[in-house]
Amino acid sequence: MSRNKSIYSLTDEQLETFDKQGFIGPFTLFDSEQMKELWNKRIRKELLYREDCVFQNSRLNYDRHLDLKSLQQIVTSPVIVDKVASIMGDDLLCWRTEWFPKYPGDGGTEWHQAKRFFEFENQPKLTPPEHLLEGEKYWVVTVWIAMTDATLENGCMKFMPGSHKENWFFDESKGNNFDQEKVAVNDNSGFFGYSWENLKVDSSWKPDESKAVTMEVKAGQFFVFTSKCLHGSFPNISETDTRFAMAARYVIPEVAVYQNLKTFDALGEVLDLDKYATLLVSGEDKVGINKVKEPWL
Ligand SMILES: O=C(O)CCC(=O)C(=O)O
Ligand SMILES: [Fe+2]
């Protein structure tokens with residue numbers, strides 16, 4: 001089943017921009033009033049109901065698109081998926097959704113890059129075939145969806161355009177810099193006490209902030225990026241304005257997700273993969289190396 005080009009697909013020009021910058025957007029999934037209503041009246045409440053979620057007893061709340069219809073509709077929406085398909089092709093798996101809240105007073109997310117999503121524990125979550133790992137083809141992208149307005153004041157995202165064509169400034173496999181004390185106080189950085197600082201290839205390297213592009217978006221808007229593009233976010237310096245976002249991460253079926261793992265380590269937790277599966281959001285899985293579910297809600 002091939003996916004037709006639609007009004008939601010990226011144009012050739014947009015694809016070129018994505019390739020040049022490493023990110024593209026914002027685009028609109030819902031208008032902001034609709035998103036605020038959906039977020040406040042539905043999604044926030046549904047997130048508290050954890051009976052059917054895949055990772056019980058986890059504060060991370062990963063992959064709630066696997067049990068919540070509202071989120072499954074978002075990650076399978078053609079408005080999003082057609083754009084991801086323009087970049088990576090028709091066959092697509094959503095392998096992760098995660099939350100990035102930023103509360104008043106929270107620090108910004110440090111500049112970082114992610115390749116195989118080692119996530120500080122020296123344990124790659126994604127294993128692409130070698131030719132993809134070293135090649136130019138995109139095999140994993142993230143879609144960052146704003147549940148609330150994201151502003152310079154409350155901690156919107158920022159990117160270093162073109163940095164994905166430069167180096168890996170971070171070496172994820174350095175891993176294991178988990179700070180249990182910080183976890184105990186829960187610093188709300190989104191990384192629960194981990195620091196990218198220790199993963200720098202060259203500890204004296206600093207990105208040139210003057211080249212950063214800021215990404216202020218309205219609730220209901222989203223953008224797409226490759227996690228090789230240096231990205232981070234501003235601190236939330238507002239008094240009362242919490243910024244909430246959901247990141248939906250997609251791979252092509254050639255990429256093995258949580259290869260040979262029964263559990264995985266994430267930000268100080270051990271999560272059991274028993275009920276986990278990737279979600280086929282487009283096309284088909286002709287490779288068969290991952291546990292794949294089709295949308296069912
Ligand atoms: O929302 C943030 O502050 C960080 C998000 C991020 O790093 C990601 O989605 O990969
Ligand atoms: Fe990130």
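In this text the structure is predicted, and so the values were computed from the model without any measurement. Order of appearance sets the numbers: ligands from 1, and atoms from 1 within every ligand.
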- prompt: Does Trp99 approach ligand 1 within less than 4.0 angstrom via side chain, backbone, both or neither, non-hydrogen atoms only?
  reply: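 Looking at Trp99 and ligand 1, no heavy atom falls under 4.0 Å.
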task: Classify the contact between Met246 and ligand 1 as side chain, backbone, both or neither, using a heavy-atom distance cut-off of under 4.0 Å.
output: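 The answer is neither.
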Salt bridge check: are [X] and [Y] linked by an N-O gap of less than 4.0 Å?
X: Arg64; Y: Glu46; value: no
X: Arg96; Y: Glu119; value: yes
X: Asp171; Y: Lys200; value: no

message: Counting only heavy atoms, tell me which of Phe244, Trp196, Trp144 gets closest to atom 5 (C) of ligand 1.
response: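 Closest candidate by heavy-atom distance is Trp144.
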Run the numbers for me: atoms of ligand 1, each under 4.0 Å from some heavy atom of [X], listed by number.
X: Arg243; answer: 1 (O), 2 (C), 3 (O)
X: His112; answer: 7 (O)
X: Ala247; answer: 9 (O)
X: His231; answer: 6 (C), 7 (O), 8 (C), 10 (O)
X: Phe225; answer: 8 (C), 9 (O), 10 (O)

field: Under 3.5 Å: N/O of Lys102 near N/O of ligand 1
entry: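 No, no N or O pair falls under 3.5 Å.
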message: Are any of the N/O atoms on Thr142, whether in the backbone or the side chain, positioned under 3.5 angstrom from an N/O atom of ligand 1?
response: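 For ligand 1, there is no N or O atom that lies under 3.5 Å from one belonging to Thr142.
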task: Check the side chains of His164 and Thr226 for a donor-acceptor pair under 3.5 angstrom, ignoring hydrogens and angles.
output: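 Distance-only check fails for Thr226 and His164.
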- request: Would you please say whether a donor-acceptor pair under 3.5 Å links the side chains of Asn290 and Tyr258?
  value: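 Not at all, the side chains of Asn290 and Tyr258 share no donor-acceptor pair under 3.5 Å.
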- request: For this output row, return yes or no: ring centroids of Phe223 and Phe27 closer than 6.0 angstrom.
  value: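 Not under 6.0 Å, so no.
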message: Check for me whether the distance between the ring centres of Trp99 and Trp144 falls short of 6.0 Å.
response: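 Here the rings of Trp144 and Trp99 have centres that are no less than 6.0 Å from each other.
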- prompt: Closest to the Fe ion (ligand 2), which N/O/S atom of His231 is it?
  reply: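 When I compare the N, O and S atoms of His231, NE2 is nearest to the Fe ion (ligand 2).
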- prompt: Does atom NZ of Lys291 have more than 12 heavy-atom neighbours, drawn from other residues, nucleotides or ligands, at distances under 6.0 Å?
  reply: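 Check passes, neighbour count above 12.
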